[in-house]
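Notes follow the structure.
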Amino acid sequence: MASPGAGERRRPVSSEIIIERDKKKLTDLPAELLEYILCFPVLNYVDILSVACTCKRLHDVCYGRGKVWRHQFKLRWPMLQRNYRNNESHDWLKEYRTRYIVGLQIRRTVVSISKRFFTEVPCVGQVLGDSFAEIESLGAPEHFCEDELLSILNTDKRKSLTLKYYAKKILYFLRQQNILRSLKVFLEQPAEQQSALEGAVLVDQYCNPLADITLENISAQLEELADKVRKCLRVSNPSHPSQRAAAGDCLVVEDFELQRQVICALNTVLYEQLHYTGNECDFYNPLNSYIHQVLIRRTGIPISLSVLYMTLARKLGVLLEPVNFPNHFLLRWCEKQRRYPIYRSGSIYDYIYIDTFGKGKQLTAKECEYLIGHQVTADYYSAISTSKVLLRMVGNLLNIGKRGEGNEKSYQLLRDSLDLYLTINPDNVQYLLLQARLYFHLGIWPEKVLDILQHIQALDPSQHGAVGYLVQHTLEHIQHKKHPVLPEAKLRSATEHRDVQYSVGLIMKHKRSGYNCVIYGWDPRCTMSQEWITTMRVHQLSNGANQPFYNVLVQDGTCRYAAQENLEPHSAPLEIAHPEVGRYFSEFSDTHYVANEELQARYPEDMAETLGTVGELYHRLSPTLENEALLPSVRHNADATAP
């Protein structure tokens, strides 16, 4: 066919012909090269599905060896790669579909929680038991569930606050359940195989499930400390057995003098070089009991420092035993037995006792009594098992929870420590009853309360009085849950609310105390008891209790009830770092918080009022703010032109 002349128009080639021609060329490429092309980062799963539909050749490449869908899986969920080994074979399309479906189910569940569990008054220690069971019933791989919850938490920190609030609670619960299972496996091991360090890490993980705490990481840090002690030993005794032992070796030093050198070097490194110390000033801080915090802060209480000290000594060949001494946990070192085996008698006076809280001071049995100011029987000088060490450690946390101020943190600590204690010692009637009363008091998980009470009755029938009372009122609570009374909406336009000046979502400052807060509720008059009104000296206010009062979330993590005359809009709005913000608000919008659907249903007219207030207030302030914002650049320009 002759080519068109210079004056003739070339007939356009249709796009279909071009695509067909290019496709033909594309399909002629080797499968490995096609897989490489289909793994370009610009292609997402929709693109791959579309390509697979074009012809059998490309369909086989997309689904054949799984490389393309593995790439898509890795691209979309990179954090999940640690759950797979490179040489393992998987159906990556199936993995992708499963993870995608799990993500939809998790989000659907989390979104529904706010509607089911929202209360205007914070329910301290709230447990969303039904929703946790719902997620567990999905039967989905745990690492998929956790990955989806983490993806929710890692979105824009100012948005989706309610979604994040409940995602965090669910993640907290799921991780704790895994840790409890690990603890039960640990406790089933023979006593001689149980490591006090591993047990302490499990306690730490359970109380801090959202923190990145692993036994591997803690062990690595202790190995670094042991290396420092070895270097210190090398100076005084280059031929010490610890210098020849490799990491991980089960070294046992028999000679007394060599043991003494280890103890001296350990004290030098921990207390003189690294400045570890007993936390006398803040003894009842729960951080003192968490082994990862002891390593970070280099301070703790006797039992946590003893676990650290004992583990390091064991790495260096010296066996120290834990002693459950009252009010002051100790370690014992069998000096006389090692030095003079012929005199071994098993007497408490055969041992040297080490006070890790007191910079490793070595004490006789008599000197130990000076620590607590009174005599004790010989039983208190005995070595105890690892499970007893954990009970003592958890008992300390439990007592701290009891001493708490009745806020979210103290109730959470009390619940966590009770869970741990009853996992180690499940038949302790005293703590079972405390757990039942705690849940009853908080109004949470009534079905579990009944299970606990049934267990108590089986263990100790003499508790029937307390058990009967709690059973009756728990059943009433369950009936009340089945027929909840929904609160009425509060309308600002109502005559009785005409004195209410502020609205939910406004960021405020307390005129007297100076704290920053956000409003999440209000009453036209003070609704607290007369006792509270008297205690808080409300009568000293100019308008007393006969004025609007506001529920506010405070920057320090507390919830307060403040009089209108004590509040004023904040001149420079800021985020309020309160753990309950997500319960009430869906977003922080620079000048105010946006109420979520549940709070808006309670205060249907407030968001319009809030928008009007911030528009008027911050528009009036904006010229000043703009001038302040311009100052740095003006100064910079002035500096640039200065001689």
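One-based numbering along the sequence shown.
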Is it the case that the side chains of [Y] and [X] hold a donor-acceptor pair, with the cut-off being a distance below 3.5 Å and no angle test?
X: Thr162; Y: Asn596; answer: yes
X: Tyr469; Y: His464; answer: no
X: Asp416; Y: Gln176; answer: yes
X: Asp204; Y: Gln293; answer: no
X: Ser306; Y: Thr356; answer: yes
X: His455; Y: Asp427; answer: yes
X: Arg297; Y: Thr299; answer: no
X: Tyr165; Y: Arg583; answer: yes

I need the [X] [atom1] to [Y] [atom2] distance, nearest 0.5 Å.
X: Glu598; Y: Ser586; atom1: CD; atom2: OG; value: 9.5 Å
X: Ile291; Y: Ser304; atom1: CD1; atom2: OG; value: 6.0 Å
X: His292; Y: Thr214; atom1: NE2; atom2: OG1; value: 11.0 Å
X: Lys231; Y: Lys228; atom1: NZ; atom2: NZ; value: 6.5 Å
X: Leu215; Y: Phe186; atom1: CG; atom2: CZ; value: 9.5 Å
X: His578; Y: Phe585; atom1: NE2; atom2: CZ; value: 11.0 Å

Check: [Y] and [X] side chains under 4.5 Å, non-hydrogen atoms:
X: Asn396; Y: Tyr284; value: no
X: Val429; Y: Gln463; value: yes
X: Arg314; Y: Leu319; value: yes
X: Val552; Y: Val518; value: no
X: Leu418; Y: Val394; value: no
X: Gln177; Y: Phe173; value: yes
X: Leu295; Y: Leu225; value: yes
X: Gln435; Y: Asp419; value: yes

If you apply the rule side-chain hydrogen bond (donor to acceptor under 3.5 Å, both in side chains), what do you find for Glu272 with Asn267, and how did you get there? CA-CA 7 Å; Glu272 295 179 22; Asn267 288 343; over 6 Å; no
Take a 6.0 Å sphere around [atom1] of [X] and say whether it holds more than 12 heavy atoms from other residues, nucleotides or ligands.
X: Tyr515; atom1: OH; value: yes
X: Gln273; atom1: CD; value: yes
X: Glu531; atom1: CD; value: no
X: Glu280; atom1: CD; value: no
X: Asp212; atom1: CG; value: no

Show the numbers, then the answer: is there a ring-ring contact (aromatic ring centres under 6.0 Å, His included) between Phe588 and Tyr593? CA-CA 5 Å; Phe588 175 67; Tyr593 277 91; 4.9 Å; yes
If you take the centroid of each ring, where Trp contributes its six-membered ring, are Tyr561 and Trp532 closer together than 6.0 Å?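 Yes.
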Between Tyr421 and Tyr431 (judged by ring centroids, cut-off 6.0 Å), do the two rings come close enough to count as a pair?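 Ring centroids of Tyr421 and Tyr431 are less than 6.0 Å from each other.
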Walk me through it: do Lys448 and Asp451 pass the test salt bridge (Lys or Arg N to Asp or Glu O under 4.0 Å)? CA-CA 5 Å; Lys448 184 169 183 178; Asp451 291 340; over 6 Å; no
Given the ring of Tyr206, does Arg175 sit roughly above its face, with NZ or CZ under 6.0 Å from the centre of the six-membered ring and within 45° of the axis?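 Pair Arg175/Tyr206 does not count as cation-pi.
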Tyr381 six-ring centre to Arg332 NZ/CZ under 6.0 Å and within 45° of normal: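 No; the conditions do not both hold, so Arg332 does not lie above the ring face of Tyr381.
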Please report the shortest heavy-atom distance between [X] and [Y], naming the atom on each side.
X: Ser182; Y: Leu202; answer: CB-CD2, 3.9 Å
X: Leu316; Y: Val253; answer: O-CG2, 3.7 Å
X: Ser242; Y: Leu251; answer: CA-CD2, 3.8 Å
X: Thr474; Y: Pro446; answer: CG2-O, 3.4 Å
X: Leu470; Y: Ala436; answer: CD1-CB, 4.4 Å
X: Glu367; Y: Thr364; answer: OE1-N, 2.8 Å

Keeping [X] on the side-chain end and [Y] on the backbone end, is there a donor-acceptor pair under 3.5 Å?
X: Asn154; Y: Leu150; value: yes
X: Ser513; Y: His510; value: no
X: Asn399; Y: Gly395; value: yes
X: Glu321; Y: Ile384; value: no
X: Lys315; Y: Asp227; value: no
X: Arg298; Y: Thr277; value: no

Given the rule in the side chain to side chain contact (heavy atoms under 4.5 Å, CB included) test, do Asn288 and Leu305 qualify, once you have shown the distances and angles that lead to the verdict? CA-CA 9 Å; Asn288 294 324; Leu305 290 170; over 6 Å; no
Describe, in one word, how the ring planes of Tyr584 and Tyr520 are oriented to each other, choosing from parallel (under 30°), tilted (30 to 60°) and perpendicular (over 60°).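 The rings of Tyr584 and Tyr520 lie parallel, inter-plane angle below 30°.
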His328, Lys361, Gln362 screened by side chain to side chain donor-acceptor pair (under 3.5 Å) with Asp355, the one that passes: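 Result for side chain to side chain donor-acceptor pair (under 3.5 Å) with Asp355: His328.
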Take Tyr290 and Leu397 through the test side chain to side chain contact (heavy atoms under 4.5 Å, CB included) and record every step on the way to the result. CA-CA 10 Å; Tyr290 304 144; Leu397 290 168; 3.9 Å; yes
Glu188 vs Arg181, salt bridge (Lys or Arg N to Asp or Glu O under 4.0 Å): CA-CA, chis, key distance, verdict: CA-CA 11 Å; Glu188 289 170 358; Arg181 284 191 283 269; over 6 Å; no
Out of the candidates Phe283, Tyr271, Tyr309, only one should pair with Phe357 under the ring pair (Phe, Tyr, Trp, His ring centres under 6.0 Å) rule; please name it.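 Result for ring pair (Phe, Tyr, Trp, His ring centres under 6.0 Å) with Phe357: Phe283.
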Could you give me the CA-CA distance, side-chain angles and deciding distance for Ile152 and Leu171, then say whether side chain to side chain contact (heavy atoms under 4.5 Å, CB included) is met? CA-CA 11 Å; Ile152 293 172; Leu171 182 61; over 6 Å; no
Quick one, Leu183 with Leu420, criterion side chain to side chain contact (heavy atoms under 4.5 Å, CB included). Give me CA distance, side-chain angles, the key distance, then yes/no. CA-CA 9 Å; Leu183 178 58; Leu420 288 167; 3.8 Å; yes
